[in-house]
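Working notes, beginning with the structure itself.
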Amino acid sequence: MSKIFKVLLVIFLSMLTVATALLTTYFILTKDAVLDESRLINPNQSILIYDENGNEITSANVSGNRKSVILSTLNKHTVNAFIASEDRTFYSHNGLNYKRMFKALYKNIISRSFKEGASTISQQLIKNTHLSQEKTIKRKLNEIKLTKQLEKRYSKDEILEMYLNTIYFGHNCYGLQSAAEFYFDKKAENLSLTESATLVGLLSSPNNYSPFKNPEKSLQRRNLVLKAMLDCGFIKPEEYATATNEPLNAKKTLQKGKYTDYLNGIFDELDEINADFYNLKNSCSVYTYLNADLQSYVEQLNYECDNSVIITSASGGVSAYKSTINGAKRQPGSTVKPFMVYAPAFEEKMLSPFTKILDEKINFNGYSPENYDKKYHGYVSVTDCIKSSLNVPAVKTLNSLTVKTAEKYLSKMNIALDDEERNLSVALGGMKYGLSLKEIADRYSVFSAGGVYSPSRFIKRITDKNGKILYEAETSKSRVFSEGVCSLMNEILMETAKSGTAKKLNCFNYDVAAKTGTCGNQEGNTDAYSVAYTSSHCIGVWLGDKDNKRLKVTGGNNCCEISKQILGKLYAQRSPEKLEISAGTSTVGIDAEDYYENNKTIKADPLSPKLNVLNVKVLTGNEPKEISSKFSSPSITMPTISVKNNTVNIELCHAKYYSYLIKRQNGSKIETIYDGKLTKTFTDAPAEGVYVYSVTPYFDDGTKKIYGQEITLPAVNLNKNGSSVQDKIPDIVKKDWFDL
């Protein structure tokens with residue numbers, strides 16, 4: 001036996017051993033894998049849903065929701081969209097695409113992970129109906145075995161039809177027909193080219209590519225599917241060009257019934273957390289924060305137009321939810337001012353609640369914001385700016401703060417601005433896609449939570465039929481604002497609910513903070529908001545029209561009326577704890593006269609009388625630096641002196657709390673001619689002669705007199721004619737220097 005032959009024999013035996021080991025492993029790992037034909041048609045999945053007290057409220061049975069399609073009735077573009085995007089060689093392979101499998105295997109070995117998949121449509125059908133979504137070798141081997149059995153028993157068209165009837169499209173939509181009805185309100189056989197591509201684009205991540213949640217991403221994904229169809233020759237270049245320019249025309253079609261809106265919120269959240277819907281079977285249980293009594297109350301309230309209501313608790317759960325637009329994003333209007341503009345400005349120590357801002361007509365490089373009443377109000381405190389929801393001061397504040405700095409805080413609350421939104425109009429809610437009511441309410445909850453952002457949740461946990469926890473809500477928290485900023489904002493928004501735009505809520509004997517917002521013009525409004533919160537709950541209300549028709553609804557009137565009814569229901573038996581308005585703040589005394597008359601914020605002089613001290617609350621560390629000395633060192637502007645009808649008139653400047661000492665000098669004779677409180681004009685009628693007057697302001701605190709600097713006035717000369725001249729001074733223009 002030659003040496004070469006021995007080597008070849010060893011290699012052959014080694015390969016045979018490896019192959020035998022692999023086959024043995026394959027048969028051992030897949031011995032229980034049996035194709036269940038009933039699962040291909042009826043996966044028998046159901047989701048049991050429970051309220052906050054553990055009471056079952058409904059069973060969302062998947063097979064009951066499924067509506068089958070017949071492959072032969074579908075538009076060719078619809079079928080081709082799935083083939084081009086999911087499995088281009090579907091009709092030519094035997095269930096497995098070995099080339100893609102080896103390529104994926106190589107990439108997984110290099111990356112030391114199971115990132116890459118190579119599933120054909122046949123494999124996806126098996127995985128979705130028979131197996132879990134976990135990425136393990138055993139599951140992959142079972143998938144291969146069952147796929148081969150599938151391909152032997154069914155034709156390609158039968159496999160594709162079963163696939164289209166079981167694939168998940170998000171929001172509890174299993175199968176193409178359910179998705180067509182939910183996203184486009186039509187039968188699957190009537191789907192257009194672009195609609196088919198949009199649905200196919202959902203498959204890899206229904207939440208990320210939802211046309212309702214992320215329209216821009218959905219559009220990009222749809223166009224990728226169209227490009228795949230072009231590459232496969234399923235559509236012509238001109239068809240591709242036309243289709244990519246078409247807008248998304250998706251519209252949610254929702255069935256109504258008891259708790260339907262809350263259920264919609266649950267399924268939206270299931271998509272958001274990327275729950276494995278194919279494994280939510282055999283009586284999977286979803287435990288929620290639903291307050292059934294509160295939900296029923298919200299559902300029966302009278303609404304005259306499209307509406308949304310959300311009630312969240314301090315624990316982070318959604319207690320009740322109602323919406324005729326199912327969480328759609330809308331223009332948020334003035335509701336963004338507290339968390340996008342003023343709270344960041346407080347945190348940056350630019351402003352305090354009492355800081356005055358000049359409300360005036362202004363132009364920012366072509367952008368001229370206006371107040372809702374088309375009027376300007378002069379200097380207005382930040383508190384009153386928020387209470388009255390003035391627009392110009394909000395834009396001015398953002399201009400000083402900068403959008404970039406505002407974004408720093410928004411990012412901590414999971415709000416990302418689009419490039420087109422990075423301008424001053426965002427201070428008034430001018431956003432490309434807007435915010436959902438839930439998103440707005442969650443940002444206001446930051447203030448009652450002491451500055452910590454934690455998004456509210458519909459779902460507490462998900463368990464399988466044996467009680468094993470499949471998912472549990474994580475408390476994601478991020479610090480956005482300091483406790484001090486939240487104390488200041490709580491107090492301002494409480495004032496807004498007492499005497500501002502939300503004053504309809506001033507009838508309660510417990511702390512309520514609120515803000516309103518309205519989007520529209522003189523013809524009517526498209527969006528109206530009220531966000532009210534206590535230490536225990538946050539209530540968001542939106543009224544408007546989903547098609548942007550103009551309505552006569554406002555946040556301060558219609559929305560606050562609904563909030564008022566809900567607050568009455570919530571606290572019919574007990575009152576919530578007080579809102580925090582002191583933590584992280586300091587109280588300082590400022591000079592009241594300077595504040596009210598000169599719009600200046602200066603610490604009061606330590607010797608200031610109490611009537612001239614205005615106590616204000618500031619963020620600790622943001623106390624005014626300048627200290628007034630008007631009482632410890634009295635000073636006035638130069639008085640004016642004149643003579644008329646042989647009478648000297650001294651005009652004294654107005655200085656509250658001061659007294660005056662006035663002296664008159666004639667030659668060497670100096671005498672005090674007035675010592676007392678302010679008189680606007682002091683008059684004196686001395687004999688003829690040259691007189692020099694002086695004025696000294698002083699402050700009398702009741703125990704001592706504190707004198708300021710003596711001010712000497714220009715000399716006056718009275719003669720018998722009653723005229724007044726100053727001492728004769730040479731006229732160097734008209735007279736000779738020596739002719740004096």
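Residues: numbered from 1 along the sequence shown.
Salt-bridge check for Lys432 with Glu420: passed, with a basic side-chain N closer than 4.0 Å to an acidic carboxylate O.
Side-chain N/O atoms of Ser425 and Asn423 include a donor and acceptor closer than 3.5 Å. For the residue pair Ser629/Asp605, the side-chain donor-acceptor check at 3.5 Å is not satisfied.
Results of the ring pair (Phe, Tyr, Trp, His ring centres under 6.0 Å) test with Tyr674 over Tyr660, Phe682, Tyr693 single out Phe682 as the only residue that passes.
Without hydrogens or angle criteria, Thr355 side chain to Val382 main chain gives no donor-acceptor distance under 3.5 Å. Side-chain N or O atoms of Asn371 include none that pairs as donor or acceptor with a backbone N or O of Lys374 at under 3.5 Å. At distances below 3.5 Å, not a single donor-acceptor pair connects side-chain atoms of Asn612 with backbone N or O atoms of Pro609. No side-chain donor-acceptor contact under 3.5 Å links Lys504 to the backbone of Lys564.
Nearest heavy atoms, Ala343 versus Val485: O-CG1, 3.8 Å.
Taking 4.5 Å as the limit, some side-chain heavy atom of Met350 sits within range of a side-chain heavy atom of Leu401. In this structure the side chain of Tyr342 reaches within 4.5 angstrom of the side chain of Met489, judged on heavy atoms. Contact annotation: the side chain of Glu439 never approaches that of Asp442 to less than 4.5 Å [non-hydrogen atoms, C-beta and beyond].
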Item to check | Full working for ring-ring contact (aromatic ring centres under 6.0 Å, His included) between Phe339 and Tyr444 | outcome: CA-CA 7 Å; Phe339 63 80; Tyr444 273 84; 5.8 Å; yes

Checklist entry - Could you walk me through whether His537 and Tyr571 pass the side-chain contact (heavy atoms from CB on, under 4.5 Å) check? => result CA-CA 10 Å; His537 294 91; Tyr571 304 114; 2.8 Å; yes

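Geometrically, Lys515 does not engage Tyr529 in a cation-pi contact defined by less than 6.0 Å to the ring centre and at most 45° from the axis.
For the side-chain contact (heavy atoms from CB on, under 4.5 Å) test, residues two or more places apart in sequence or in another chain that qualify with Ala604 are Ser608, Val613. When the side-chain contact (heavy atoms from CB on, under 4.5 Å) test is applied to Leu551, the partners found at least two apart in sequence or on another chain are Cys305, Asp545, Val553.
Note on ring orientation: taking the six-membered ring where Trp is involved, the planes of Phe447 and Tyr533 are tilted (angle from 30° to 60°).
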